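Take a look at the structure below.
Here is how names work: the chains are called A, B, and so on, in the same order as the sequence lines, proteins then strands, and each is numbered from 1. The model shown is predicted, which means the values in this text are computed figures rather than measured ones.
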Protein chains: 2
Amino acid sequence: MFRFTALAFEYWTRHAEGVSKPAAPGIRARVRAELTEAIKTTARTHLASEGAPSLSLRAVARELEMASSAIYRYFPSREALLTALIIDAYNTVGACVEEADAGRERDDLEGRWIAIGSAVREWARANPHEYALIYGSPVPGYAAPDDTIVPATRATLVMLQLLADAIAINGAPDDTTEIPEPLRSELAAVESFADGSVPPAVAAIGLAAWAEMLGMISLELFGHLENVVYDRDAFYNHTMRATGARLLR
Amino acid sequence: MFRFTALAFEYWTRHAEGVSKPAAPGIRARVRAELTEAIKTTARTHLASEGAPSLSLRAVARELEMASSAIYRYFPSREALLTALIIDAYNTVGACVEEADAGRERDDLEGRWIAIGSAVREWARANPHEYALIYGSPVPGYAAPDDTIVPATRATLVMLQLLADAIAINGAPDDTTEIPEPLRSELAAVESFADGSVPPAVAAIGLAAWAEMLGMISLELFGHLENVVYDRDAFYNHTMRATGARLLR
DNA sequence: GTCGAAACGAGAGCACTGCTCACGTTTCAT
DNA sequence: ATGAAACGTGAGCAGTGCTCTCGTTTCGAC
């Protein structure tokens with residue numbers, strides 16, 4: 001491996017300078033981290049060009065000039081590599097949403113909602129296969145491991161915090177819709193994830209709004225607006241505005 | 001092939017009875033139709049148990065006790081088989097929606113909306129992989145051939161007709177929301193698919209409601225409501241009622 | 001510094017996949 | 001009856017994910 005050879009040379013160069021041990025972490029740990037990242041990066045580009053079902057560990061290994069079996073030193077299976085890409089995708093979109101939200105005044109509720117919705121859509125359009133990986137059909141045999149839970153909720157929690165902030169600013173809406181148990185209790189528990197109050201009815205509307213937003217993006221990205229709506233930007237913005245007005249009044 | 005042999009025997013039996021030609025269509029056409037159906041049926045069960053990415057033509061052929069290459073006599077590629085399954089899925093859900101809608105009085109607008117939404121969700125829950133095939137991540141390399149367009153719109157057209165009927169019964173809503181061109185014209189063209197009038201603002205709300213409905217189902221089926229909402233029926237019904245109230249007022 | 005264990009890279013190999021091709025058989029239209 | 005098209009099969013190809021073995025390298029304990 002060219003890369004490994006270069007790092008080994010660095011190790012011996014340093015050793016020749018009289019350093020009795022390499023700086024922590026060891027060269028091995030460093031190389032491992034870098035190769036793990038290189039595998040993921042290469043896999044991500046293949047995902048972008050070929051799609052998830054066509055992601056081939058052998059093709060990734062070939063591009064990195066490794067034997068295909070070497071990949072298994074870093075990821076125990078193809079599924080594990082996909083899981084790592086899923087975690088990365090959740091974290092990336094979550095970071096985009098957090099940043100978009102943070103770019104607005106805390107009391108600009110509508111602005112934040114629009115910014116959140118735009119961030120998700122823009123990221124999705126720029127990374128359709130990653131979007132499909134996390135919000136499209138589940139990869140077979142995939143069960144969400146514990147380490148995807150926190151990344152998976154990052155984006156949603158931003159919206160939830162927006163709801164709590166809206167309640168704090170506007171007060172709770174007069175929503176008298178009856179919500180039956182046990183759903184009411186389940187929705188009541190949602191506010192524990194936010195800093196502030198999110199009544200059950202608001203949690204329900206928020207989740208439905210999230211579903212609508214993702215539904216809109218999926219319709220667009222998965223080809224269901226073909227021959228119907230061409231002015232996609234306008235349609236999405238129109239819908240998000242209407243939803244924001246309901247959600248944040 | 002057991003089945004083919006049995007049909008050939010039937011042909012010779014009839015021939016021995018002095019019939020100079022088999023009844024139209026020929027035995028070949030009949031066998032072809034039956035085998036095509038058998039391949040699709042077997043593929044559908046494999047889809048249900050293994051998921052789309054794991055659908056194997058060889059496994060289908062093995063179960064039908066055919067050589068794997070025989071499948072290519074009926075479907076020119078794996079992609080063509082998947083396309084056939086996609087068409088079937090669209091037609092099945094479309095028929096479910098049409099039937100559910102037809103089971104309600106024409107002027108029971110809310111009842112029809114709830115029936116439509118329930119039909120889609122029930123079918124999706126009973127056939128999650130088929131749902132994923134048509135409303136989840138697109139199969140790689142798949143471009144919707146012309147023959148999927150009509151089946152793909154069957155379900156949506158039922159909802160659209162509901163909107164037109166609501167307009168006919170209640171009159172057009174007072175919705176003054178500005179819709180920019182060219183989106184307004186695009187949405188205005190949607191009513192050409194319904195028997196009646198669907199103003200642009202209503203078409204937009206209808207499409208967004210459809211997105212929300214599919215978004216809700218996808219969140220549920222694709223695992224995003226885990227540890228959040230357990231009372232799925234109640235959540236879905238609550239949301240569909242609220243959306244119906246907005247949509248059909 | 002030495003030593004043993006763990007990590008690593010490579011290559012061979014296995015079972016499986018989608019698909020092509022050639023050949024013999026069957027059906028169909030003339 | 002005849003020739004063409006459709007059909008079923010088996011062999012084969014190139015590709016896949018993954019396992020295993022072996023030699024090499026790094027690392028931590030002594």
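Taking atom CD1 of B/Ile71 as the reference point, atom C1' of D/dG8 lies 12 Å away to the nearest angstrom. The distance between atom CD1 of A/Ile27 and atom C1' of D/dT24, rounded to the nearest whole Å, is 16 Å. Atom P of nucleotide D/dG8 and atom CD1 of B/Ile39 are separated by 8 Å, given to the nearest angstrom. Distance, B/Leu81 CG to C/dG18 C1': 12 Å, rounded to whole Å. Atom-to-atom, CZ of A/Phe75 to P of C/dG9 comes out at 13 Å; the value is rounded to the nearest Å. At whole-Å resolution of the value, CZ in A/Arg28 and P in D/dT24 are 14 Å apart. For A/Arg30 and C/dC8, the CZ to P distance is 15 Å, given to the nearest whole Å. When rounded to the nearest whole Å, the span between CG of B/Leu82 and P of C/dG18 equals 10 Å.
Taking 4.5 Å as the limit, every side-chain heavy atom of B/Leu225 sits out of range of all side-chain heavy atoms of B/Tyr230.
For the side-chain contact (heavy atoms from CB on, under 4.5 Å) test, residues two or more places apart in sequence or in another chain that qualify with A/Ala70 are A/Met66. With sequence neighbours left out, the side chain to side chain donor-acceptor pair (under 3.5 Å) criterion links A/Asp101 to A/Arg106, A/Arg112. Looking at residues two or more places apart in sequence or on another chain, you find a side-chain contact (heavy atoms from CB on, under 4.5 Å) between B/Arg32 and B/Thr36, B/Tyr74. Remark: A/Thr243 engages A/Glu212 in a side chain to side chain donor-acceptor pair (under 3.5 Å) (not counting sequence neighbours).
Geometrically, A/Arg121 engages A/Tyr236 in a cation-pi contact, judged by NZ or CZ lying under 6.0 Å from the ring centre and within 45° of the ring axis.
No donor-acceptor contact under 3.5 Å links the side chain of A/Ser77 to the base of D/dG17.
Across residues 54-62 of chain A, A/Leu55, A/Ser56, A/Leu57, A/Arg58, A/Arg62 each have a non-hydrogen atom less than 4.0 Å from an atom of DNA chain D (numbered order).
Nearest-nucleotide mapping onto DNA chain D: of B/Ser68 and B/Ala29, the residue sitting toward the 5' end is B/Ala29.
Nearest to the side-chain atoms of B/Ser69 among the listed nucleotides D/dC18, D/dC20, D/dA11 stands D/dA11. Considering only the side chain of A/Ala67, C/dG11 comes nearest among C/dG18, D/dG10, C/dG11.
Between C/dA7 and A/Arg73, no contact under 4.0 Å exists linking OP1 or OP2 to a side-chain N or O. Side-chain N/O atoms of B/Tyr74 include one lying less than 4.0 angstrom from OP1 or OP2 on D/dG8. At least one side-chain nitrogen or oxygen of A/Arg32 sits closer than 4.0 Å to the OP1 or OP2 atom of C/dC8.
The side chain to side chain donor-acceptor pair (under 3.5 Å) contacts involving residues 126-135 of chain A comprise A/Tyr131-A/Ser218, where partners must be two or more places apart or lie in separate chains.
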